[in-house]
Amino acid sequence: MVILRMFGDLPPDLEVELYRQTSGETVKWAGRSSGVVERAQGWAMVAAGAVLALVNLSGPAAALGIAVDFAERARTPEIPYFLSVLGGVMFFAGGVAIAMFGWRFVQSANSVVWAVTNRRLLRIVADVEQATDSWTRSEILKVERLHWDDREKRGLAITIDGRGDNNPTLIILGPIDLEACERALAEMES
């Protein structure tokens with residue numbers, strides 16, 4: 001499940017990116033994500049990656065020790081020791097990679113655009129070279145209204161075919177015009 005808090009109108013740079021990504025399609029509804037969810041996910045990944053890297057900091061230190069030992073004495077380490085050091089280095093590198101990937105989420109949090117065209121539902125991340133996520137009408141299983149009586153808590157739950165056992169749900173919360181979003185989703189071409 002992904003929860004999105006949407007802002008109002010798109011700033012000019014994001015509007016240009018939206019129209020660049022949707023050339024040949026009619027944009028019926030668009031909104032900018034507030035970035036709260038993306039930032040939370042990004043910081044969680046940065047923290048997890050940092051913990052993994054710090055826990056395995058001994059791997060690169062041991063690898064440096066092996067390199068110095070080999071350079072000074074031309075001794076190679078025992079295979080089991082070498083494999084454990086290699087594992088530590090790999091886990092350290094994995095932690096750094098996870099943290100860097102999370103940092104990309106944090107940096108792009110303010111440039112996420114959600115849109116509905118006449119053909120598909122889109123998630124565009126501007127300023128980052130990343131493939132645009134899109135879902136056609138056949139991939140959208142259902143659209144439900146949430147808390148429609150309370151304007152502040154109003155939302156749309158869009159369930160998407162996950163091509164397996166898990167069908168993710170996107171929950172879009174206002175204050176943006178959710179009636180227009182719902183109408184645009186209903187009018188999508190097959």
Side-chain angles (χ1 to χ4, degrees), residues 1-7 10-11 13-14 16-18 20-21 30-115 120-136 139-141 155 157-173:
M1 175 171 53
V2 176
I3 300 175
L4 311 166
R5 169 69 67 176
M6 302 299 287
F7 279 154
L10 299 178
D13 58 329
L14 294 180
V16 167
E17 182 65 21
L18 171 64
R20 189 180 71 74
Q21 295 277 342
R32 177 172 54 116
S33 174
S34 67
V36 171
V37 174
E38 291 86 355
R39 266 191 228 78
Q41 290 172 336
W43 283 117
M45 290 171 64
V46 167
V51 167
L52 184 62
L54 288 173
V55 166
N56 291 290
L57 192 56
S58 61
L64 181 62
I66 287 174
V68 168
D69 200 31
F70 181 74
E72 288 182 354
R73 299 186 189 111
R75 285 187 356 198
T76 57
E78 299 292 321
I79 295 298
Y81 178 68
F82 180 75
L83 291 177
S84 70
V85 169
L86 182 62
V89 169
M90 302 264 302
F91 280 116
F92 175 80
V96 170
I98 291 170
M100 289 173 58
F101 188 71
W103 183 245
R104 287 185 62 200
F105 266 62
V106 172
Q107 286 182 315
S108 67
N110 290 328
S111 59
V112 178
V113 175
W114 287 86
R120 57 196 175 137
L121 169 65
L122 296 154
R123 178 185 182 269
I124 300 168
V125 181
D127 303 332
V128 176
E129 292 186 23
Q130 179 179 339
T132 298
D133 295 321
S134 68
W135 301 273
T136 61
E139 295 171 308
I140 297 173
L141 302 177
I158 304 168
T159 304
I160 296 171
D161 184 5
R163 297 180 186 93
D165 296 335
N166 186 10
N167 293 328
T169 301
L170 305 172
I171 298 177
I172 301 176
L173 303 173

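Just so you know, residue 1 is the first one in the sequence shown, and it goes up from there. Both backbone and side-chain heavy atoms feed into the values below; hydrogens, waters and symmetry mates do not.
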Distance check, rounded to the nearest 0.5 Å: [X] atom [atom1] versus [Y] atom [atom2]?
X: I140; Y: I158; atom1: CD1; atom2: CD1; answer: 6.5 Å
X: W114; Y: L170; atom1: CH2; atom2: CG; answer: 4.5 Å
X: L54; Y: F92; atom1: CG; atom2: CZ; answer: 8.0 Å
X: T132; Y: R20; atom1: OG1; atom2: CZ; answer: 7.5 Å
X: L86; Y: F91; atom1: CG; atom2: CZ; answer: 10.5 Å

Main-chain N/O of R104 paired with Q107 side-chain donor or acceptor, under 3.5 Å: no

Applying side chain to side chain contact (heavy atoms under 4.5 Å, CB included), can you list everything that pairs with L141, at least two apart in sequence or on another chain? T159, D161, N167

Which residues satisfy the side chain to side chain contact (heavy atoms under 4.5 Å, CB included) test with S134, sequence neighbours excluded? R120, L122

Exercise: identify the closest heavy-atom pair between [X] and [Y]:
X: L18; Y: A30; answer: CD2-CB, 3.7 Å
X: G88; Y: P60; answer: O-CD, 4.5 Å
X: G59; Y: V85; answer: O-CG1, 3.8 Å
X: G102; Y: V46; answer: C-CG2, 3.7 Å
X: N56; Y: L52; answer: ND2-O, 2.9 Å
X: W43; Y: V106; answer: N-CG2, 3.7 Å

Does the side chain of E17 come within less than 4.5 Å of V113's, by heavy atoms? no

